[in-house]
Amino acid sequence: MAKPSDSVFEKPSTLRARVEDYLRTSIMQGRLKGGEKLREMELCEQLGISRPTLREALRTLEAERLITIEPHRGPTVATLTAKAARDLYALRALLEGYAAHEFARLASEADIQRLRATVQALHRCAAQADQGALLAAKRAFYDVLLAGCDNELVKDMLPGMLSRINLLRATSFSSPRRLPRSLAEIDHLLACIERRDAAGAQQAARDHIANAERAALEVLREQDAKPA
């Protein structure tokens, strides 16, 4: 794992948040693999941080279910199961379908312009084959969608799932056939929103998530079938 610049680590709270983000990104982008044991002393040396700071960051990632911490074994990167994927996609379909419906109904024209800009960024990142930037662009898309749906509970619930959603999204993006279809589905969702077709937007969001679920489960089955 590459060592980040010391200059990015500042106040204790900022330091902890940056360590969390660094480890979270490493997991989502596959630099830390499912089932991999995290060695605290090694991480502290690599990141130039204290063990208490690292442990605080690890507790946050445990709460997000990105890692597991077992007595006498320490932290390990969580392994994504098919059951966990199905559960998460089921909840995504409900919440994001609702968010798309309400965004189409309530968002301002400026909100729609911002959403359009995130879709354009998605296409640029896809053309550059930059998975890290692609995941960030997809996160920006959902940030705008949630900000414009005007439901505080949905806005509170979905960001808490964001890390695991991104982990699943990275899995589904690893299928070479999925990305062009995913972009076409998002284009369709945007078109429904631009027409203020709330029901159409809700269905487009749910179809998009159902297709992403099938792709992610296919990748997981392929991974499980590979010999150890």
Side-chain angles (χ1 to χ4, degrees), residues 1-81 83-85 87-89 91-92 95-96 99 118 121-122 125 130-147 152-174 212 216 220:
M1 185 189 301
K3 182 176 179 179
S5 170
D6 292 339
S7 64
V8 301
F9 294 142
E10 301 158 358
K11 297 178 181 178
S13 60
T14 304
L15 170 60
R16 185 184 67 250
R18 291 183 183 275
V19 172
E20 291 168 8
D21 187 60
Y22 181 77
L23 294 174
R24 187 184 294 115
T25 301
S26 296
I27 293 170
M28 290 189 298
Q29 295 186 0
R31 295 195 297 273
L32 292 172
K33 306 291 186 183
E36 182 175 342
K37 184 174 177 58
L38 301 178
R39 304 184 186 282
E40 292 188 8
M41 184 174 297
E42 182 178 317
L43 285 171
C44 288
E45 291 176 356
Q46 288 177 337
L47 302 177
I49 58 175
S50 67
R51 182 163 286 186
T53 297
L54 176 63
R55 288 182 172 174
E56 288 178 4
L58 292 175
R59 280 195 291 270
T60 298
L61 298 184
E62 183 185 27
E64 295 175 4
R65 299 188 182 182
L66 289 178
I67 67 169
T68 58
I69 301 177
E70 298 181 19
H72 312 300
R73 292 194 61 191
T76 303
V77 179
T79 300
L80 187 66
T81 66
K83 174 65 165 59
D87 289 349
L88 189 50
Y89 276 115
L91 187 55
R92 280 189 62 198
L95 295 180
E96 292 181 15
T118 67
L122 271 170
C125 294
D130 185 339
Q131 189 183 62
L134 193 62
L135 290 171
K138 194 71 180 286
R139 184 166 61 248
F141 172 85
Y142 281 106
D143 286 346
V144 175
L145 187 72
L146 291 176
E152 295 301 323
L153 286 177
V154 172
K155 286 191 287 185
D156 286 344
M157 293 173 70
L158 272 176
M161 300 166 57
L162 185 59
S163 295
R164 298 191 81 206
I165 289 170
N166 279 342
L167 181 60
L168 291 168
R169 193 174 292 136
T171 300
S172 62
F173 278 170
S174 68
L220 289 174

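Everything numeric in this text was worked out from a predicted model, so none of it was measured. The chain is numbered in sequence order, starting from 1.
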I would like to know whether Leu95 and Met157 meet side chain to side chain contact (heavy atoms under 4.5 Å, CB included); could you show each step before the answer?
CA-CA 9 Å; Leu95 295 180; Met157 293 173 70; 4.1 Å; yes

Run the salt bridge (charged side-chain N to carboxylate O under 4.0 Å, His left out) check on Asp87 and Lys83 step by step: do they pass?
CA-CA 6 Å; Asp87 289 349; Lys83 174 65 165 59; 2.6 Å; yes

Given the rule in the side chain to side chain contact (heavy atoms under 4.5 Å, CB included) test, do Arg24 and Thr60 qualify, once you have shown the distances and angles that lead to the verdict?
CA-CA 10 Å; Arg24 187 184 294 115; Thr60 298; 4.1 Å; yes

Donor-acceptor pair, Thr53 side chain versus Ile49 backbone, under 3.5 Å?
no

So which of Leu43, Leu61, Leu58 actually passes side-chain contact (heavy atoms from CB on, under 4.5 Å) with Pro75?
Leu58

Do Leu54 and Leu23 come within less than 4.5 Å of each other through their side chains, counting heavy atoms only?
yes

Chi angles and distances behind the side chain to side chain contact (heavy atoms under 4.5 Å, CB included) call for Ile27, Ile67:
CA-CA 9 Å; Ile27 293 170; Ile67 67 169; 3.9 Å; yes

Note: Glu20 and Glu56 closest approach over all heavy atoms is OE2-O, 4.3 Å

Can you name the closest pair of heavy atoms from Val77 and Lys33 and give their distance?
CB-O, 3.1 Å

Take atom CZ of Arg51 as the centre, draw a 6.0 Å sphere, and report whether it contains more than 12 heavy atoms from other residues, nucleotides or ligands.
yes

To the nearest 0.5 Å, tell me how far Asp21 CG sits from Ser26 OG.
9.0 Å

Find the distance between CZ (Arg39) and OG1 (Thr76) and round it off to the nearest 0.5 Å.
9.5 Å

What pair of heavy atoms forms the shortest contact from Arg31 to Tyr22, and how long is it?
NH2-O, 4.3 Å

Rounded distance [0.5 Å steps], CZ in Arg16 versus OG in Ser50
11.0 Å

Under 4.0 Å between a Lys/Arg side-chain N and an Asp/Glu carboxylate O for Lys155 and Glu152?
yes

If you round to the nearest 0.5 Å, how far is CD of Glu62 from OG1 of Thr68?
7.5 Å

In short, Lys138 meets Leu122 closest at the heavy-atom pair N-CD2, 3.7 Å

